[in-house]
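These notes concern the structure reproduced below.
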Amino acid sequence: GAHRLPDGTLWFGSSASSLRSGLNRLVEGTFFEVPLPDGDTGGIERIRVLPAAVFLTGLFQRGPAYRLEGARLIPALATGKPDLSASADVIAQNDGTLWFARWGAGVWRARPRPGNDTDWDLRRFGSADFPPGHPLAYATCLELDDQGRVWAGCYRGACRYEHEHWQIFTAKDGLAGDGVRMIWKD
């Protein structure tokens with residue numbers, strides 16, 4: 001996918017080899033590779049433009065997402081946890097809480113701890129948070145609705161998080177199909 005930021009620069013996210021970044025920007029007709037921080041590699045899954053920031057998600061080795069600041073990439077979340085890498089999508093709430101949809105690893109919530117930009121309260125939502133047989137482990141996308149509720153798409157429906165509880169919606173509830181790949185708020 002490609003995205004144009006307000007300055008007119010086009011940014012391209014693509015699959016990449018294990019030795020390269022999947023991010024390029026187009027400047028005066030020439031593509032320039034933008035390296036991921038700290039020698040990280042991986043293809044770009046999504047360029048997510050949110051009111052607070054522009055985020056990139058993908059098959060990264062060292063973190064779940066990066067935040068774009070000018071022409072620089074900054075880790076969206078630095079935890080040092082190897083099990084919190086590679087994500088399909090990210091959303092940010094007004095209080096700075098980040099949510100990550102992760103292939104095979106469910107949905108993660110990262111709340112910043114007061115007074116510390118690098119310390120996060122991490123919570124993984126998994127099988128214990130859902131009825132038996134519901135694989136939120138394969139979360140594909142996220143969105144916030146106007147009431148501040150978090151929505152996650154997965155291969156067996158859409159899930160809404162509200163008041164510390166997940167509710168599941170499937171084709172039986174009116175979805176066109178159970179495999180939710182994208183959620184868009186207009």
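What you see below is based on every heavy atom in this structure, not just the backbone, and it leaves out hydrogens, waters and symmetry mates.
Note on L77: it clusters hydrophobically with L50, by side-chain heavy-atom contacts below 4.5 Å among ILVMFWY residues. Cluster membership check: V49 shares its hydrophobic cluster with L73, using side-chain heavy-atom separations under 4.5 Å among Ile, Leu, Val, Met, Phe, Trp and Tyr.
For the residue pair D95 and P112, the shortest heavy atom distance occurs at O-CG, 3.8 Å. Nearest heavy-atom pair across D186 and W184 is CB-CH2, 3.4 Å. What you find for I47 and G13 is that their closest heavy atoms are CD1-N, 4.0 Å. Taking all atoms of both residues into account, the shortest heavy-atom contact from A101 to A139 is CB-CB, 3.8 Å. The shortest heavy-atom contact between W166 and C159 is CE3-CB, 3.6 Å.
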Decide side chain to side chain contact (heavy atoms under 4.5 Å, CB included) for R160 and F169; before the verdict, give the C-alpha distance in whole Å, the side-chain angles of both, and the deciding distance to 0.1 Å.
-> CA-CA 8 Å; R160 182 179 67 202; F169 300 89; 3.9 Å; yes
Taking it one step at a time, do N24 and V34 satisfy side chain to side chain contact (heavy atoms under 4.5 Å, CB included)?
-> CA-CA 5 Å; N24 293 95; V34 178; over 6 Å; no
Candidate pair W108 and W120, rule side chain to side chain contact (heavy atoms under 4.5 Å, CB included), full reasoning | CA-CA 12 Å; W108 287 66; W120 298 84; over 6 Å; no
Test log, rule side chain to side chain contact (heavy atoms under 4.5 Å, CB included), inputs V107 and W99 = CA-CA 7 Å; V107 172; W99 292 79; 3.6 Å; yes
Begin from the C-alpha positions of R123 and D129 and carry the test salt bridge (Lys or Arg N to Asp or Glu O under 4.0 Å) through to its verdict.
-> CA-CA 11 Å; R123 167 85 155 78; D129 300 294; 3.0 Å; yes
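Under the 3.5 Å distance criterion, the side-chain polar atoms of R102 are matched with a main-chain donor or acceptor of A86. The backbone N or O of A65 sits nowhere less than 3.5 Å from a side-chain atom of T57 that would complete a donor-acceptor pair.
Between the CG atom in D121 and the OG1 atom in T97 there is a gap of 9.0 Å [rounded to 0.5 Å]. A distance of 10.0 Å separates CZ in F100 from CD1 in I91, rounded to the nearest 0.5 Å. Here the straight-line distance linking atom CD1 of I44 with atom OH of Y66 works out to 9.0 Å at 0.5 Å rounding. Separation of atoms CG (L23) and CH2 (W11) is listed at 5.5 Å; rounding is to 0.5 Å.
With a 4.5 Å cut-off between side-chain heavy atoms of Ile, Leu, Val, Met, Phe, Trp and Tyr, the cluster of I74 takes in none.
Applying the salt bridge (charged side-chain N to carboxylate O under 4.0 Å, His left out) definition to pairs two or more places apart or across chains, those involving residues 163-172 are R109-E164, R111-E164. Screening residues 44-56 for side chain to side chain donor-acceptor pair (under 3.5 Å) gives R46-D89, R48-D89, R48-E143 as the qualifying pairs, with residues at least two apart or on separate chains.
Scored by the side-chain hydrogen bond (donor to acceptor under 3.5 Å, both in side chains) test, E162 finds no partners at all (sequence neighbours excluded). Residues passing the ring-ring contact (aromatic ring centres under 6.0 Å, His included) test with F31, sequence neighbours excluded: F12. Residues satisfying the ring-ring contact (aromatic ring centres under 6.0 Å, His included) test with F55, not counting sequence neighbours, are none. A search for salt bridge (Lys or Arg N to Asp or Glu O under 4.0 Å) contacts involving D173 returns nothing, not counting sequence neighbours. Contacts of R181 classified as side-chain hydrogen bond (donor to acceptor under 3.5 Å, both in side chains), with partners at least two apart in sequence or in another chain: none. For D38, the side-chain hydrogen bond (donor to acceptor under 3.5 Å, both in side chains) test picks out no residue, with sequence neighbours left out. Listed by chain and residue number, nothing satisfies the side-chain hydrogen bond (donor to acceptor under 3.5 Å, both in side chains) test with R25 (two or more places apart in sequence, or in another chain). Remark: E69 pairs with R67 by the salt bridge (Lys or Arg N to Asp or Glu O under 4.0 Å) rule, at least two apart or across chains.
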Let me have the donor-acceptor pairs involving side chains of residues 144-152, under 3.5 Å, with sequence neighbours excluded, atom names and distances please.
residue : atom : partner : partner atom : Å
D145    : OD1  : Q147    : N            : 3.0
D145    : OD1  : G148    : N            : 3.1
D145    : OD1  : R149    : N            : 2.9
D145    : OD2  : R149    : NE           : 2.7
D145    : OD2  : R149    : NH2          : 2.9
D145    : OD2  : W151    : NE1          : 2.9
D146    : OD1  : K185    : NZ           : 3.3
Q147    : OE1  : R149    : NH2          : 3.0

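Counting only heavy atoms from C-beta outward, the side chains of L175 and V180 approach each other to under 4.5 Å.
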